[in-house]
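One structure is given below, encoded as structure tokens.
Keep in mind that what you see is a predicted model, and the values were worked out from it rather than measured. Order of listing sets the numbers, starting from 1, for every ligand and every atom in it.
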Amino acid sequence: MSNTIRETWQRYRSVPIVYRIAAAFVLGSVVGLVVGEPATNLQPLGDLFVRLLKMVIVPIVVFTLVMAARTLAPKDLGKVGGQVVLLYIFTTMVAIAIGLGVSNLIDPGTGLLLEDAMKKQAVESKQSPGLTQVLLGIVPENPFSAMAEGKILGVIFFALAFGIGLTVVRDEAEEGSAVYNGVQTTFDIVEAGAEVMFKIVWGVMEFGVIGVFALMAALFAKTGPEAILSLVKLFATLAIAITLQITLVYLLVIVKGLVGRSPIDFLRGGREAMVTALSIRSSSGTLPVTMSNADENLGVDEGVYSFSLPLGATINMDGTAMYLGIAAIFTANVVGEPLTITQQVSVLVTALIASIGTAGVPGASIVMMTVVFTQVGLPIQAIALVIGIDPLLDRMRTMNNVTGDLAVTTLVAKWNDAIDFTTGVWAGETESLRDIPSSTTGDD
Ligand code: ASP
């Protein structure tokens with residue numbers, strides 16, 4: 001490399017990755033709008049970024065969960081698990097209530113005509129998995145197919161069982177025996193595996209600058225500016241509700257009130273995860289980054305985050321649940337039959353269950369909307385109205401989903417004395433790719 005190229009490269013690398021990705025997000029959107037159709041050819045680069053992230057999900061979940069079993073006794077695991085699940089459910093209910101409240105004030109959808117929706121293609125109504133199915137699905141019939149198919153709940157269950165099995169076998173074996181050593185070696189390999197995965201995540205994030213640029217350019221090339229203009233009110237309702245949920249519930253109540261720390265530090269700690277969620281619209285896809293942020297920036301023990309974050313990416317969808325409520329009110333207004341209080345309560349319960357069963361993938365809410373709409377008797381066809389701007393709404397929902405997972409994780413970690421406030425953002429540092437020695441990042 002010549003000196004100038006090297007210097008430019010180093011200067012580029014010295015900018016925190018989160019800013020580079022944010023710049024790519026804006027630039028990509030502008031390029032998509034200006035260039036139009038030809039920019040859709042960039043889509044494969046965006047898809048490549050998403051695939052790279054997905055590649056590390058299963059190994060990262062397995063490695064960190066097995067490690068968790070090494071550090072946490074099964075009894076503590078049960079306690080942590082209970083707290084996580086209850087907080088997830090509670091924050092989701094608050095999110096839906098906020099969504100319904102803001103919608104009642106703003107009344108999105110009044111003034112829009114249903115005929116517009118009818119002209120567009122109707123959305124297929126899909127069956128959501130029932131609660132029993134979701135619960136049964138936690139236990140995989142075959143752990144390898146659960147891994148191969150990316151069924152995270154099944155993977156969590158098996159990895160935990162395997163990790164707990166390892167500790168039990170170790171405790172029963174004679175120290176120094178082959179079995180004892182075998183277990184210790186397995187734990188060492190798993191620990192090294194987790195470290196390697198985190199390094200890969202940071203490498204993938206470097207490519208994310210290009211990936212996010214491509215995703216945004218292709219999106220705006222396809223939809224054009226009308227995508228934003230047509231449904232400004234719906235967009236605003238969701239934006240306000242999400243801002244309230246993040247600032248009041250996560251930052252003020254959870255981080256400031258219950259954890260007793262600075263919300264700004266928390267935001268700095270989770271910023272890569274938030275930006276990635278905004279960019280790729282998938283909380284499952286963002287999981288490796290969320291885990292890396294919890295580990296390296298927020299100082300959370302893997303005993304907590306290795307369980308809470310994969311679970312959160314699968315069942316805790318505050319932004320999604322909130323949006324289901326908002327979309328129901330929006331549609332009821334479009335149809336000209338505003339929802340009664342009883343119907344709104346029914347929306348709350350259905351949206352909660354639907355969001356638990358929603359996969360953390362782009363556009364998953366669209367399918368869940370059919371469930372909520374059917375429950376309260378709204379026309380499924382109206383979903384076509386919002387599909388056009390869903391790529392934008394989905395970004396905000398996913399960012400909210402991921403932030404909620406991190407906030408609950410931080411709180412549960414604090415309750416269980418499983419967070420180190422003397423490192424990471426709490427001590428004024430964040431680890432980012434530029435802090436990792438060049439020899440490990442492939443920087444020449
Ligand atoms: N895209 C969201 C997520 O991955 C789910 C949704 O609301 O569509 O969290």
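- Using bins of under 30°, 30° to 60° and over 60° for the plane-to-plane angle, the ring pair Phe144/Phe158 lands in the tilted bin.
- Interface of Met317 with ligand 1, defined as ligand atoms under 4.0 Å from a residue heavy atom, comprises 9 (O).
- When each atom of ligand 1 is checked for a heavy atom of Arg281 under 4.0 Å away, the hits are 1 (N), 4 (O).
- Contacts of Val361 with ligand 1, taken as heavy-atom pairs under 4.0 Å, involve the backbone alone.
- The heavy atom nearest to atom 7 (O) of ligand 1, considering only Gly285, Ala313, Ser365, is found in Ser365.
- With rounding to the nearest 0.5 angstrom, the CD atom of Gln83 is 6.0 Å from the CH2 atom of Trp415.
- By the 3.5 Å distance cut-off applied to N or O atoms, Asp394 is counted among the residues near ligand 1.
- In this model, a donor atom of one side chain and an acceptor atom of the other lie less than 3.5 Å apart for Ser308 and Thr409.
- Side chains of Asn401 and Thr320: a donor-acceptor N/O pair is present below 3.5 angstrom, by distance only.
- For the atom pair OG (Ser346) and CD1 (Ile341), the distance works out to 12.5 Å, reported to the nearest 0.5 Å.
- Within ligand 1, the atoms closer than 4.0 Å to a non-hydrogen atom of Ser282 are 4 (O), numbered from 1 in the order shown.
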